[in-house]
There are 2 protein chains.
Amino acid sequence: MARVTIQHVAQAAGVSPSTVSNFLNDRQGRMVAATRTRIETAISELGYRPNRAARQLRNGKTQTVGLVVPSVGNPFWGAFAHEVEVAALALGCSVLLCNSERDPERERRYVEELWEDGVRSIILCTSLPSLDHVSNVIAEGLRLVTFDRPAQPNDPESVVSISIDNNVGGQVATAHLLELGHTSIAFVSGSIRSVNRSARYRGYCDAIEAAGLSVADMPQWTGMDAAHFGDVEAAEVGRAAARDLFADPKNAPTAVVAINDMTALGFCRGLRDLGLKVGRDVSVIGFDDIILADLYDPPLTSVRQPITRMAQLAVSEAVERGSNESTDPGSSVLLRPELVVRESTEHVPSTPRP
Amino acid sequence: MARVTIQHVAQAAGVSPSTVSNFLNDRQGRMVAATRTRIETAISELGYRPNRAARQLRNGKTQTVGLVVPSVGNPFWGAFAHEVEVAALALGCSVLLCNSERDPERERRYVEELWEDGVRSIILCTSLPSLDHVSNVIAEGLRLVTFDRPAQPNDPESVVSISIDNNVGGQVATAHLLELGHTSIAFVSGSIRSVNRSARYRGYCDAIEAAGLSVADMPQWTGMDAAHFGDVEAAEVGRAAARDLFADPKNAPTAVVAINDMTALGFCRGLRDLGLKVGRDVSVIGFDDIILADLYDPPLTSVRQPITRMAQLAVSEAVERGSNESTDPGSSVLLRPELVVRESTEHVPSTPRP
DNA sequence: TGAAATCGGTGTAACGATGCACTGACCATA
DNA sequence: TATGGTCAGTGCATCGTTACACCGATTTCA
């Protein structure tokens, strides 16, 4: 079955290939209505679809959006990737998915490979404070949208960032626990050496201080000084945190803010290992509001990220940059996170634990 | 920054582009060692990378593997997609991910588009008993590997299938519950009009009958006659099942086999809505052993699919078909599922529920 | 009226890699 | 010394699309 090419269409419509090409790339004004319709019918009758490879070879670009996430194995990123595909499809683009495993070197390599393969728009879900590792590609003209990482002072001008306001999120989460009467609140996370995570942590600190308490007095877990982020094994991080925090009774909090839901669920699992009950004994709040938060027992209180909206924004910024409605380059879109209260957070237990 | 092309390499190595091309596609014997090394050093010094688009335009194929899953938003498929990417990377291929939403029409469209874009290997995670909707593309030479769908009598010859033995899985799950003394075991699923799901159901039936019981006597949930599979809202399916089954005390089982873990978790959530306790009041067993099964409270007993191994197999079948070690075309690889016993399944309660 | 501008459309040379058909040089055999 | 065969490497047309330069016909306007 031979391919239908632009020549066949041209022949069927009685025009030259150039004219069909003009039509396809709607170069303005250059065509009388009758010709246009002849081409249209020819295309649909022959079932013509332009050949991507040829197009790309000719103009050096693709209609593809690159999406680099830490790992689709993580339910949050899986859900986000899904939303991105839906949004891209609506704009007629396809998505090329890459898992960086949060490795800067892999991030760099993927971004470079995508660029060399003609991808001109990338949504990068990175944790790194600096974009130096991809700045050369940005300088060459890549449209980069970072997700889950607000703009930083040193970022190249053209970068747009889509994120929730993590500081506010951290504050909201912590304030919720404070309102429930908790005064011993731990923060649990893998490495917080990323823009979004440190913002969440600062929000936590801000809320603690605003309540007249001192962060130094809170139970501390040292895991967040570690180097690795633990996206794949986020749950393990949480589980370890529970073990460590409760090993020393002095260190035991009555409530915990976890860096994300997977870590929160792992923490809950850890509590269970210790015979403690989530909610009644220890309040736990997560981030993201992944689908499992609501399924968990008890259902997990979480700070929701509006991923559908964020995916739409990210895709449209990546694809349609330069059109009227677009955001100014270099700007940061900070969406407001939403606290979803469920049953993993309760009033501070009136009687101290044995 | 102009691209480095094969011409530059040729010039640097003092040979013709053809020779470099010969080298790249290692056409045998045609080259003296000195030439080979000159080309090698030229390539590495210039940092040459062949242009995909040009290659694809020229020979009509890509090095890309297509992966069509119901939805990466579902943690099981997210985890599988991740494993596929890892396996493909090891073989030097990239992965193009598509979400079919279990819509046969979308499946067909994606497969066709991938084919037209030069993708010659596709891993299709489909639920459909028939492959008619993609048979024309298979006839043209597509290497299709189906996942989670054993081979069917009418399948085109060239198709290879990778799957667990779902019948055995269904039997193992059910037998486990029977051993725990349960005699009132319900099967909970969205539509079972798919090869794998109906096999699981048959396994369930086989085990029931083998124990001298009758499937007809078991509590029945009608949701599985529905048309939709509910991958996205698998949990909702489970939750609804719990509500329905326990609405009528006569219909209430003491144990449940769920079609997958997400449905199982939804079912557990539904039990919780009703004030029932998983394990103590009702035993629940799922399928897949997603990461969340172990995190849940109580940790979920599940029939594990070895997705890492399966992903490797699927990728190597898709990419390397025709090499020595490859499976015979038309064959089905049925891996043995593994029962992972946790705490959501317990002995049948000695005292009847109030 | 004639020069210029506009309109609708076409010819052609790329983009980068590939593989067939070919060439010259060298060797072996008769 | 013919004849033929092998070896190492090359020339060239080609994949499908695009954009620029161009062209002839018609319109505009001084």
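What's counted below: heavy atoms across the whole structure, side chains too, no hydrogens, waters or symmetry copies. Within every chain, numbering begins at 1; the chains are lettered A, B, ... in the order of the sequence lines, protein sequences first and strands thereafter.
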Asker: Is there a donor in the side chain of A:His82 and an acceptor in the side chain of B:Glu101, or the other way round, less than 3.5 Å apart?
Answerer: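 Yes - a donor-acceptor pair under 3.5 Å links their side chains.
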Asker: Is the phosphate of C:dC15, meaning OP1 or OP2, less than 4.0 Å from a side-chain N or O of B:Thr5?
Answerer: no
Asker: In this structure, how many angstroms lie between the P atom of D:dT10 and the CD1 atom of B:Ile39, rounded?
Answerer: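 It is 8 Å, rounded to the nearest whole Å.
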Asker: Base, sugar-phosphate or nothing for A:Gln56? Non-hydrogen atoms, less than 4.0 Å.
Answerer: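 Nothing: the residue A:Gln56, judged by heavy atoms under 4.0 Å, touches no strand.
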Asker: Can you check whether B:Asp148 reaches B:Cys125 side chain to side chain, under 4.5 Å on heavy atoms?
Answerer: no
Asker: Using a heavy-atom cut-off of 4.0 Å across all strands, would you classify B:Phe23 as base, sugar-phosphate, or nothing?
Answerer: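 Nothing, no nucleic acid heavy atom in range.
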Asker: So, for B:Gln152 and B:Pro129, which heavy atoms are closest and what is the spacing to 0.1 Å?
Answerer: CG-O, 3.6 Å
Asker: How many Å lie between CG on B:Asn22 and C1' on D:dG11, as a whole number?
Answerer: 13 Å
Asker: Test A:Glu105 against A:Arg108 for salt bridge (charged side-chain N to carboxylate O under 4.0 Å, His left out), laying out the working first.
Answerer: CA-CA 5 Å; A:Glu105 174 52 22; A:Arg108 190 192 62 70; 2.8 Å; yes
Asker: Please report, rounded to the nearest Å, how far the C1' atom of C:dC7 is from the CE atom of A:Met31.
Answerer: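 Value for this atom pair: 12 Å.
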Asker: Around B:Glu113, counting heavy atoms of other residues, nucleotides and ligands shown, do more than 12 lie under 6.0 Å from its CD?
Answerer: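 Yes, because the 6.0 Å sphere around CD of B:Glu113 holds more than 12 heavy atoms from other groups.
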Asker: Expressed as a whole number of angstroms, how long is the span from B:Lys61:NZ to D:dG16:P?
Answerer: 15 Å
Asker: To the nearest angstrom, how far is B:Asn25 atom CG from C:dG16 atom P?
Answerer: 18 Å
Asker: Go through D:dG9, C:dG16, D:dT17 for me and flag the one nearest to the B:Arg3 side chain.
Answerer: C:dG16
Asker: Rounded to whole angstroms, how far apart are CG on A:Leu57 and C1' on C:dC15?
Answerer: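 Between C1' of C:dC15 and CG of A:Leu57: 4 Å.
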Asker: Please determine whether a side-chain nitrogen or oxygen atom of B:Arg27 lies at a distance below 4.0 Å from atom OP1 or OP2 of C:dG19.
Answerer: yes
Asker: Does D:dG9 have its OP1 or OP2 closer than 4.0 Å to a side-chain nitrogen or oxygen of B:Thr35?
Answerer: yes
Asker: Nearest to the side chain of B:Asn59 - C:dG19, C:dT10, C:dG16?
Answerer: C:dG19
Asker: May I have the distance from A:Ile43 (atom CD1) to D:dT17 (atom P), rounded to whole angstrom?
Answerer: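 Rounded to whole Å, this separation is 10 Å.
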Asker: Counting side-chain heavy atoms from C-beta on, which of D:dG16, C:dG16, D:dT10 comes nearest to B:Ala54?
Answerer: C:dG16
Asker: Going by atom types only, do B:Ser16 and B:Thr19 share a side-chain donor-acceptor pair under 3.5 Å?
Answerer: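 Side-chain D/A pair, B:Ser16 to B:Thr19: present.
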Asker: N/O contacts under 3.5 Å, protein versus nucleotides 12-14 of chain D?
Answerer:
{"unit_1": "D:dT14", "atom_1": "O2", "unit_2": "B:Arg58", "atom_2": "NH1", "d": "3.1"}

Asker: Could you point out which residue of A:Val137, A:Val160, A:Leu124, A:Thr126 forms a side-chain contact (heavy atoms from CB on, under 4.5 Å) with A:Leu144?
Answerer: A:Leu124
Asker: Considering only side-chain heavy atoms of B:Ser16, which listed nucleotide, D:dT10, D:dG16, C:dA17, is closest?
Answerer: D:dT10
Asker: Yes or no on salt bridge (charged side-chain N to carboxylate O under 4.0 Å, His left out) for A:Asp117 and B:Arg49, after CA distance, side-chain angles and deciding distance?
Answerer: CA-CA 10 Å; A:Asp117 288 346; B:Arg49 269 171 34 93; 3.4 Å; yes
Asker: Rounded to the Å, how far apart are B:Gln7 CD and C:dA14 P?
Answerer: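 Taking atom P of C:dA14 as the reference, CD of B:Gln7 is at 12 Å.
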Asker: The side chain of A:Thr19 is closest to which nucleotide in this list: C:dG9, C:dG16, D:dT17?
Answerer: C:dG9
Asker: Nearest to the side chain of A:Arg55, heavy atoms from C-beta on, is which of C:dC15, D:dT17, C:dT10?
Answerer: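 The nucleotide sitting nearest to the side chain is D:dT17.
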Asker: So A:Val15, base contact, sugar-phosphate only, or nothing? Heavy-atom distance under 4.0 Å.
Answerer: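 Answer is sugar-phosphate: A:Val15 comes under 4.0 Å of backbone atoms only.
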